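What you see is a predicted model, and the numbers here were worked out from it, not measured in a lab. Only heavy atoms go into these numbers, but all of them, side chains included; no hydrogens, no water, no symmetry mates.
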Amino acid sequence: MQEMEKLLAQCGQEEEQLQFASFSRADALALGLRIIEDAKELPAPVAVEITVNGLVVFRYFPDGARPDSELWLARKRRSVELMEMSSLHFLAWLETNGETLESRKLPPDDYAAGGGGFPIRVRGTGVIGAVCVSGLPDHRDDHRLVTGALAALCG
């Protein structure tokens, strides 16, 4: 449980730091391309999706990406949109509170509690979208891929 409490705090801190003053579709393109570039060094193909105000503004499936990545992207996105926190933060939140998707009446086919989804938050406005990746063997690596790209763009 102590590990989950530490993860909960880490995710909260990341979400506080990785915010934008503004976020446009051009920013979504830059973020998506940054993730694709960063993912080239990784051992598995990574699918990427970015939404703004409910609209998919960027989506990419590289050669070799698994078809089920589309389902994982949707699950992660729905978790981010519902909870306004990263999907990894959601995992830590559930476990720290002794809950599961099922106990919260959230179908596991529709939501994901694990790394790879992150809120796009604009200071003074709140969550306006989500950036999600899927494909790496360890969901925490999915999370690190997203936060690394966000850190590079948020300064």
Side-chain angles (χ1 to χ4, degrees), residues 3-4 6-8 10-20 22-95 100-102 104 106-122 127-155:
E3 178 189 346
M4 282 299 132
K6 182 178 175 184
L7 183 59
L8 189 68
Q10 173 195 322
C11 288
Q13 184 178 30
E14 289 171 341
E15 289 166 26
E16 180 60 34
Q17 291 172 344
L18 300 175
Q19 295 187 36
F20 292 88
S22 64
F23 193 85
S24 67
R25 291 183 187 179
D27 295 322
L29 177 61
L31 177 58
L33 293 174
R34 175 65 188 241
I35 291 170
I36 290 167
E37 191 60 33
D38 292 349
K40 287 179 181 177
E41 305 300 319
L42 299 174
V46 176
V48 183
E49 179 185 89
I50 300 172
T51 59
V52 175
N53 298 322
L55 178 67
V56 175
V57 296
F58 185 93
R59 185 183 276 174
Y60 179 70
F61 292 81
D63 291 336
R66 295 188 178 275
D68 70 339
S69 288
E70 187 167 15
L71 301 174
W72 282 108
L73 290 171
R75 288 179 184 120
K76 293 173 186 188
R77 176 179 28 83
R78 284 194 281 282
S79 293
V80 170
E81 291 171 349
L82 177 68
M83 300 304 291
E84 295 192 342
M85 63 176 64
S86 73
S87 53
L88 186 61
H89 191 168
F90 188 33
L91 169 69
W93 184 85
L94 286 170
E95 291 201 18
T100 63
L101 290 172
E102 293 84 358
R104 304 241 355 132
L106 299 171
D109 286 346
D110 293 338
Y111 296 89
F118 203 91
I120 298 171
R121 193 177 311 255
V122 174
V127 176
I128 62 152
V131 52
C132 301
V133 303
S134 180
L136 295 172
D138 184 336
H139 67 98
R140 290 184 191 226
D141 290 336
D142 282 340
H143 181 82
R144 283 188 283 273
L145 177 60
V146 172
T147 56
L150 284 167
L153 293 179
C154 288

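Using a 4.5 Å cut-off on side-chain heavy atoms (C-beta onward), E37 and L33 make no contact. Residues P108 and E102 have side chains in contact (heavy-atom distance under 4.5 Å, counting atoms from C-beta outward). Looking at R77 and T51, their side chains come closer than 4.5 Å, going by heavy atoms from C-beta outward. Residues L7 and W93 have side chains not in contact (no heavy-atom distance under 4.5 Å, counting atoms from C-beta outward). At a threshold of 4.5 Å between non-hydrogen side-chain atoms, the residues F90 and L106 count as touching. Taking 4.5 Å as the limit, some side-chain heavy atom of L150 sits within range of a side-chain heavy atom of V131. Looking only at side-chain heavy atoms (C-beta outward), L94 and T100 stay at 4.5 Å or farther from each other. Side-chain atoms of K76 and E49, non-hydrogen and from C-beta on, never get closer than 4.5 Å to each other.
Judged by distance alone, the side chain of D27 and the main-chain N or O of S24 form a donor-acceptor pair under 3.5 Å. Side-chain atoms of R78 come within 3.5 Å of backbone N or O of D110 as a donor-acceptor pair. A distance-only check finds no donor-acceptor pair linking the side chain of S79 to the backbone of S87 [under 3.5 Å]. With hydrogens and angles disregarded, no donor-acceptor distance shorter than 3.5 Å links the side chain of H143 to the backbone of G115. Between the side chain of D142 and the backbone N or O of L136 there is at least one donor-acceptor pair closer than 3.5 Å.
Residues satisfying the side chain to side chain donor-acceptor pair (under 3.5 Å) test with S86, not counting sequence neighbours, are E15. In this structure, D68 has no salt bridge (charged side-chain N to carboxylate O under 4.0 Å, His left out) partners at least two apart in sequence or on a different chain. Applying the side chain to side chain donor-acceptor pair (under 3.5 Å) criterion to Q19, with sequence neighbours excluded, gives no partner residue. In this view, R66 satisfies the salt bridge (charged side-chain N to carboxylate O under 4.0 Å, His left out) rule with no residue, not counting sequence neighbours. Under the salt bridge (charged side-chain N to carboxylate O under 4.0 Å, His left out) criterion, E84 pairs with no residue, sequence neighbours left out. Residues passing the salt bridge (charged side-chain N to carboxylate O under 4.0 Å, His left out) test with E81: none are found, sequence neighbours excluded.
Here E70 pairs with R59 in a salt bridge; the nearest charged N to carboxylate O distance falls below 4.0 Å. Between E3 and R140 there is a salt bridge, since at least one side-chain N of the basic residue sits less than 4.0 Å from a carboxylate O of the acidic one.
The local environment of CD in E41 is sparse, with at most 12 non-hydrogen atoms from other residues, nucleotides or ligands closer than 6.0 Å.
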Exercise. Step by step, work out the side-chain contact (heavy atoms from CB on, under 4.5 Å) result for S69 and F61.
Key: CA-CA 8 Å; S69 288; F61 292 81; 4.2 Å; yes
Quiz prompt | D141 and L42: CA distance, side-chain angles, deciding distance, side-chain contact (heavy atoms from CB on, under 4.5 Å) verdict | solution = CA-CA 9 Å; D141 290 336; L42 299 174; over 6 Å; no
Quiz item: Are L8 and H89 close enough, and set up right, to give a side-chain contact (heavy atoms from CB on, under 4.5 Å), and what steps lead you there?
Solution: CA-CA 6 Å; L8 189 68; H89 191 168; 3.4 Å; yes
Exercise. Kindly indicate, with the supporting measurements, whether the criterion side-chain contact (heavy atoms from CB on, under 4.5 Å) is fulfilled by L31 and F58.
Key: CA-CA 9 Å; L31 177 58; F58 185 93; over 6 Å; no
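Of all heavy-atom pairs between I50 and G32, the closest is CD1-N, 3.5 Å. Scanning both residues, L101 and Y111, for their nearest heavy atoms gives CD1-O, 3.6 Å. For V57 against A28, the heavy-atom pair with the smallest separation is CG2-CB, 3.5 Å.
Rounding to the nearest 0.5 Å places CZ of F20 at 8.5 Å from CD1 of I128.
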